[in-house]
K.L.:
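Right, I'll just put the structure down here and ask away after.
Hydrogens, waters and symmetry mates play no part in the numbers below; they use all other heavy atoms, side chains included.
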Amino acid sequence: ATFFATLPLAHAVTLVENGEPRAVIVVAAGPSPAAQRAAQVLREHVKQISGAELPVVPEAKLDESKKQALVFVGESKPAAARGFSSEGIGAGGFHAEAKGDALALVGTDARTPSDQSGTTYAATWLLEEKLGVRYLWPGELGKVVPKQRTITIADFRTRTAPALAQRNIRSLGYHDRLQAGMDRLHFTRADFDRQHAAAWETTASSPIWFQWHGLGGTLNIQGGHAFGNLWPKFGKEHPEWFALQPNGSRDQSFSADRSRLCKSNPDLIEAIAREKIEELNSKPGVLGVSLSPNDGGRATFCTCPKCEALDAPNARKVQLWDMTGKVRRDFEHVSLTDRMVFFWNGIAERVNKVHPNALFTVDAYSAYTAAPVMRALNPNLVVRFAGISYEDETSRQQGLGDWDAWAAKAKRIYFRSNCMLAGRRTGMPLIYAHRFAEDFRHLASHSMMGTDLDSCTHNWATQGLNYYVAARLHWDPARDVDAIIDDYCRAGFGPAAKTMRAYFDKLESTWSGTAARHEESFSGFTDAVLGELNALIAKAATEAAGDTDAAKRVEFIRVGTRWTEIEVKAHRL
C-alpha cells in the first residue's frame with residue numbers, strides 16, 4: 001500500500017455540533033454502489049455517535065451558498081472541482097481528505113473493476129481512524145461506537161490502496177456437514193438462518209465484518225478442485241484415464257466425485273484441454289480456469305509405471321494411502337509434484353494455442369506441496385499455496401521453505417491456506433496471531449499476490465483474535481501485530497485492557513508451546529493453565545464492572561473459556 005499524509009493542521013471541519021448536524025453528505029447524480037453504501041454507513045454511524053442525522057443530497061441539488069460543511073462521498077463533479085479524486089490510485093484504494101469546510105471520501109470504485117469497493121473502505125477507515133469506531137466481531141456487542149455530541153475532524157490528506165490485489169477470508173456459512181451436527185441438537189436450517197442473521201445485526205448499518213476491515217478484490221482467476229465430474233462423464237468409456245490403484249483396478253466409483261487421474265495419459269490431457277478451451281470460450285471475462293486436482297477421497301494417486309516415471313527420485317518423501325484392501329495401508333513415496341507439473345503444463349500448452357493469455361490455477365497441496373525438482377512451470381500457471389500450519393512448528397517451518405521454493409519458480413502465487421480451520425471441530429482457543437503476522441509479512445515480501453484463506457469458522461469467543469489480526473494485516477502486512485492486539489484490547493475491554501491482553505498472551509503461548517513440542521492442541525490446557533485463564537477473566541470482569549459494554553465483552557470471552565474447559569474434559573475422557 002502507498003501512504004502519504006500531512007500532519008493535522010489548525011483547521012477542522014465540523015460535522016456535528018452539540019448534537020445538531022452542521023454538514024451534508026454529497027453524492028453524485030448516479031453514485032456507485034460503493035458510494036451509496038458508504039454514505040449510508042457514514043450517516044448511520046454519525047447518528048449513533050452523536051444523535052445527529054446528516055442529510056444526503058445529490059450533487060445536482062447541492063446549494064453551496066449555504067453555510068455548512070460538505071462531505072463528498074464518492075466521485076462527483078463538485079468533489080473533483082475541489083481536487084478530490086481517486087485517479088492514479090491502485091485497485092480498491094481511496095483518497096480521503098479534510099480541507100477547509102469539506103471532507104472527501106473518494107474511492108476508485110468502477111475505475112478499478114477488480115475491486116470496486118474503495119469508497120466503502122474509505123468510510124470505514126474514517127470511522128476508525130478519526131472517530132474511534134472499532135468492529136471487533138460481528139454484532140452490536142462487537143461494535144465499539146464512542147459517544148460524542150460534537151464531531152470535528154482536523155485537516156488531513158491520505159491516499160492509499162491495499163497491498164494485495166485479492167484479500168479473501170472465507171466466511172463459513174450453512175452447509176450439509178453443519179446440518180449433520182445440527183440434527184443432533186434438533187436445529188433446522190431455518191433456526192440457523194434466523195440466529196445467524198440476528199447475531200450479525202448492528203444498530204448502524206455496516207458492511208459485512210470482512211469488508212469493514214478492507215477485505216475484497218479479486219484476481220479474476222477461477223480456483224477450486226476442478227475434476228469432480230470426470231468419473232461420471234468418462235469412467236465407463238475411458239477407465240484408463242483414471243488412477244491405477246494398488247490392487248490393479250482403475251475403478252473410481254467408490255470415490256466418484258473425488259476421483260484420481262492418470263496424469264501421464266496423453267488422451268486425458270487432450271480431453272481436459274478441450275474442456276478448458278470450451279470453458280474459456282463461454283466465459284470471455286475470466287482470466288483463468290482451474291486445473292487443481294480433486295481433494296481428499298478414498299482413491300489414491302496413480303501407481304502405473306508411466307506416472308511413477310514422472311516423479312523426481314530425489315524429491316521429498318510424503319505419505320500416501322491405499323484403501324482398496326480391508327485395512328487402510330499408508331506407505332512412503334516421493335513427492336508427486338513433478339508428475340503434477342507435467343500434467344498441468346501439458347494442458348496449459350494446448351489451451352494457450354487457442355487462448356494465449358489464459359491463466360491456470362494449480363495447487364501446492366497434499367502430496368504435491370513441495371516445489372518441483374525436475375520440471376519448470378508453464379509461465380501461465382498460478383499457484384494456490386495451501387501449506388503452513390500452526391499446529392506443529394516443524395510443519396510450519398517446512399511450509400515457509402516450500403513457499404520460498406515455489407515463489408522462486410512461479411510467476412504468480414497466492415496464499416490459499418487452511419490455517420483458519422485449526423480447531424474447527426473443537427472450537428478451542430488456538431491463538432497464533434504473532435506467528436501468522438510474522439509469516440504473512442514474509443509471504444508478502446516474497447511474491448504473494450493475494451489470499452484465499454479457508455475459513456473463518458465463527459468461533460469468535462475463542463478464535464476471534466486470530467480473525468481480527470488476519471483481517472487487519474491484509475491491507476498492510478507490515479502493520480505491528482502488537483499494536484493491533486493492544487488496540488483490540490483497549491477498544492473492546494476498556495479498563496480491563498491490560499488483563500485481557502495477558503489473557504490472550506497466555507492462550508497464544510499455550511498453543512505455541514504444544515506446537516513446538518508436537519503435542520495435541522488440547523494437551524497444553526492443563527488444570528493450572530485453565531486456572532490461570534479463569535483468574536484473568538475474573539480479574540478483567542472486576543476491572544470492567546463500571547463499563548457496561550466492556551463488562552459484556554469480557555463475559556462474551558468467558559463463554560469461550562467455559563467452552564474450553566468442557567472440551568478439554570471431553571478429550572481427557
K.L.:
If the threshold is 4.0 Å, N to carboxylate O, is there a salt bridge linking Glu75 and Arg111?
P.N.:
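So Glu75 pairs with Arg111 through a salt bridge.
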K.L.:
Looking only at the aromatic ring of each residue, does the gap between the centers of Phe556 and Trp460 stay below 6.0 angstrom?
P.N.:
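No.
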K.L.:
Would Lys143 pass as a cation-pi partner of Trp212, given that its NZ or CZ must be under 6.0 Å from the six-membered ring centre and within 45 degrees of the axis?
P.N.:
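Checked: cation-pi criterion met.
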K.L.:
Is the charged tip of Arg435 near the ring of Trp511: under 6.0 Å from the six-membered ring centre and within 45° of its axis?
P.N.:
yes
K.L.:
With the threshold set at 4.0 Å, does a side-chain nitrogen-carboxylate oxygen contact exist between Arg501 and Asp505?
P.N.:
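Answer for the salt bridge query: yes.
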K.L.:
When you check the gap from the basic side-chain N to the acidic O, do Asp454 and Arg170 get nearer than 4.0 Å?
P.N.:
yes
K.L.:
For the residue pair Arg189 and Tyr174, would you count it as a cation-pi contact if the rule is NZ or CZ under 6.0 angstrom from the ring centre and within 45 degrees of the ring axis?
P.N.:
yes
K.L.:
Taking only residues two or more places apart in sequence or in another chain, which ones pass salt bridge (charged side-chain N to carboxylate O under 4.0 Å, His left out) with Asp402?
P.N.:
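Residues passing salt bridge (charged side-chain N to carboxylate O under 4.0 Å, His left out) with Asp402: Arg316.
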K.L.:
Donor-acceptor check, side chain of Glu567 to backbone of Met428, threshold 3.5 angstrom: yes or no?
P.N.:
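Pair absent, no side-chain N/O of Glu567 close to backbone of Met428.
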K.L.:
Does atom CZ (Arg572) have a neighbourhood of more than 12 heavy atoms from anything else shown, all under 6.0 Å?
P.N.:
yes
K.L.:
Strictly below 4.0 Å, N to O, side chains only: are Lys552 and Glu140 in salt-bridge contact?
P.N.:
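Salt bridge flag = no for Glu140 with Lys552.
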K.L.:
Can you say whether the rings of Tyr432 and Tyr390 are parallel (under 30°), tilted (30 to 60°) or perpendicular (over 60°)?
P.N.:
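Tyr432 and Tyr390: parallel rings.
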